[in-house]
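Note that the structure is a prediction, hence the values are computed from the model and not measured. To find a chain, count down the sequence lines: A is the first, B the second, and so on, and within it residues start at 1.
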Amino acid sequence: MSIELIIRDHIIEAIAQCYNQQIDSSLVQLQNTRKEFDGDITLVVFPFVRMSKKSPEQTAAEIGDYLQQNVSEVEKYNVVKGFLNLTISPAYWVSVLNEASADVNFGYTSPTQSSKLAMVEYSSPNTNKPLHLGHIRNNLLGFSLCEILKANGNKVVKTNIVNDRGIHICKSMYAWKLWGNGQTPESTGIKGDHLVGDFYVKFDQEYKKEIANLIEQGQTKDEAEQNAPAMLGARELLLKWEARDPKTVELWKMMNQWVYTGFDVTYRELGVNFDKIYYESETYLYGKEEVLRGLAEGIFYQKEDSSVWADLTAEGLDQKLLLRNDGTSVYMTQDIGTAKERFQDYPIDKMIYVVGNEQNYHFQVLAILLDKLGFEFGKGLHHFSYGMVELPQGKMKSREGTVVDADDLIAEMVEVARKTSEELGKLEGYTPEQAAQTYKMIALGALKYFILKVDPKKNMLFNPQESIDFNGNTGPFIQYTYARIQSVLRKAADRGFEINRTIDGKVTPSSKELQLIKLVSQFPGAVKEAGEMYSPALIANYIYELVKEFNQFYHEFPMLTEENAEVRNLRIVLAETVGKTVRNGMKLLGIDVPERM
RNA sequence: GUCUCGGUAGCUCAGCUGGAUAGAGCAACGGCCUUCUAAGCCGUAGGUCUUGGGUUCGAAUCCCAACCGGGAUACCA
């Protein structure tokens with residue numbers, strides 16, 4: 001039980017005792033005491049002056065008196081205007097440190113029999129081009145969200161639906177057939193997803209030329225777009241694929257396999273993974289029967305051209321197409337099918353879709369349609385909606401070549417990390433392999449932290465030249481602090497200091513030490529809040545605060561050269577506990593921490 | 001047009017279930033390497049929290065309106 005909860009209950013008691021009023025706990029506004037005032041926890045007393053019918057100062061003093069007399073953790077108090085600043089006893093903070101220090105999984109809640117099962121869909125790439133910066137944000141958020149949910153005691157199934165069929169992949173296939181000369185990743189040395197992406201680009205270039213030619217010959221733009229040989233060829237491939245033409249399916253399989261091999265490399269670099277992968281080629285026909293059932297039950301309606309629609313005007317939305325007039329499915333139809341499928345495959349308590357905010361409308365509609373179809377889980381779907389990554393010149397457009405490729409970006413960052421490390425003379429004594437591993441850890445730490453520290457729902461700006469730094473509020477700064485803590489612990493061992501991990505309650509930490517313990521004690525609360533808010537950014541901001549505080553402490557207070565053995569022990573245990581908290585927190589962001597850097 | 005999300009320091013972002021003098025980092029300027037790692041620490045400078053109303057003891061935070069920007073809006077996924 002956290003100190004805030006203990007205090008809150010006693011404040012409710014105090015109000016009952018002093019003013020004979022039963023109050024709701026939401027009236028008790030507790031906050032961390034600001035640095036410039038004395039105390040640990042502050043109660044805002046304004047809400048109670050109406051009950052006491054006294055001045056804020058007097059009211060605060062009365063509540064303060066009550067708490068000081070009746071709550072052992074409250075040592076003293078002071079009043080500034082309408083704020084009651086409570087000082088918690090050092091003995092309590094020492095006990096908190098002891099608990100945190102003893103718990104390997106500090107901050108985490110273990111799953112139990114009754115744990116909820118959350119399925120999280122994230123990543124969901126198309127197989128016609130490599131992953132880019134937008135996918136990176138998706139993957140990092142999705143993976144981190146899963147880690148946070150797990151740390152909150154949930155069971156999690158990470159899922160990925162691969163968009164492996166459709167006109168986009170047929171375009172790459174068409175281009176490869178015509179202009180590929182039998183190239184393969186092996187023959188060219190090009191990573192499979194990039195090779196397929198190159199043919200996608202090639203297709204678009206040739207297609208544009210053909211359109212220009214046709215327009216010159218007198219066709220309108222629309223006609224030209226429809227009649228260009230490249231487009232006709234891609235369409236033909238799509239039809240052949242749907243008819244299961246063996247040659248086409250074989251080509252499709254081969255090129256998709258190249259892409260998967262390439263994606264696997266990128267996923268491994270990013271440190272993300274999945275428990276269950278759905279392929280759209282296997283699920284794209286799902287959902288049609290549900291739509292037809294809805295039509296039969298009068299939930300949906302049919303137009304003269306025999307296309308099927310949902311009327312959502314009662315919900316304040318528009319009409320939504322569910323089946324084309326040729327009976328084929330659209331995106332929405334498929335999502336209805338896959339949702340049903342997943343709830344049949346797993347006992348899902350919470351379904352979460354990590355998908356960009358451009359699809360807010362889609363998921364709003366999906367929830368309503370599932371609900372209309374009688375699936376009770378419909379209303380409970382959660383769209384984890386995140387903002388776009390923008391570049392200085394605006395939105396990324398793959399066709400205009402203004403994308404930041406995921407592999408290129410990672411490679412570039414590893415290179416910068418290597419250079420920086422060498423310039424600073426770090427990692428001497430490491431083997432080249434160990435050093436390379438650490439550069440990678442630092443580079444990815446920088447990238448991941450940069451992206452995850454921003455509120456997911458907001459659009460963010462990414463400037464490739466300036467954005468990713470290694471100083472200040474960054475992943476490497478946190479990793480650096482962790483590495484220094486490990487260094488302290490190594491040296492403490494070298495010098496033969498016996499570390500007593502259970503701090504005696506009689507030891508009195510200094511105010512700076514107390515401040516650090518306080519911050520550590522807030523970690524479990526931060527994990528819980530991050531889980532409730534679905535916000536990795538909350539964890540990132542928490543760790544930064546902790547690390548910043550530790551750095552100041554580290555600079556001012558010697559740990560190894562401190563003469564007093566009890567104080568030295570306290571500081572080392574505190575450092576160790578901060579290190580563990582940082583490591584546990586970074587794990588929730590999917591960021592590794594190095595033992596040295 | 002409608003719906004939706006955003007607008008905080010030169011730049012990138014915190015803070016938003018209303019609370020004390022609005023915080024970090026980057027960039028700029030000035031200090032600190034003989035202690036446990038300077039990817040660090042300390043300091044200086046930088047703000048009409050887009051604007052205007054409202055609610056109240058109190059508003060960056062809640063409500064309304066306007067302006068600016070992103071996104072969605074019936075057959076791409």
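- A donor and an acceptor atom sit less than 3.5 Å apart, one in the side chain of A:Thr42 and one in the base of B:rA20.
- Between A:His362 and A:Asp335, the closest side-chain pair of non-hydrogen atoms falls below 4.5 Å.
- At the phosphate of B:rC36, neither OP1 nor OP2 sits under 4.0 Å from any side-chain N or O atom of A:Arg484.
- Relative ring orientation between A:Phe557 and A:Phe553 is described as parallel, the plane-to-plane angle staying below 30° on a 0-90° scale split at 30° and 60°.
- We find that the ring of A:Phe83 and the base of B:rA20 stack, their centres lying under 5.5 angstrom apart and their planes tilted less than 30°.
- Comparing B:rC36, B:rG40, B:rA74 against the side chain of A:Ser487 picks out B:rC36 as the nearest.
- The OG1 atom of A:Thr438 sits 5.0 Å away from the OH atom of A:Tyr430 when rounded to the nearest 0.5 Å.
- The A:Gln552 side chain lies nearest to B:rC42 when the options are B:rG71, B:rC16, B:rC42.
- In this structure, of B:rG6, B:rG40, B:rA24, it is B:rG6 that holds the atom nearest to the side chain of A:Lys457.
- Between the side chains of A:Thr481 and A:Asn551, at least one donor N or O sits under 3.5 Å from an acceptor N or O.
- Ranking B:rA74, B:rC75, B:rU21 by closeness to the A:Val330 side chain, first place goes to B:rC75.
- Within 4.0 Å of A:Phe553, counting heavy atoms only, lies no atom of the nucleic acid at all.
- Put simply, A:Phe46 rests on the base of B:rG19: the two rings are less than 5.5 Å apart at their centres and nearly parallel, under 30°.
- Contact annotation: side chain of A:Ser421 to base of B:rA39, donor-acceptor pair present below 3.5 Å.
- In this structure, B:rG23 and B:rC13 make a Watson-Crick or G-U wobble pair, each of the two defining distances being under 3.5 angstrom.
- Residue ring and nucleobase are stacked for A:Phe37 and B:rA20, with a centre distance beneath 5.5 angstrom and an angle between planes beneath 30°.
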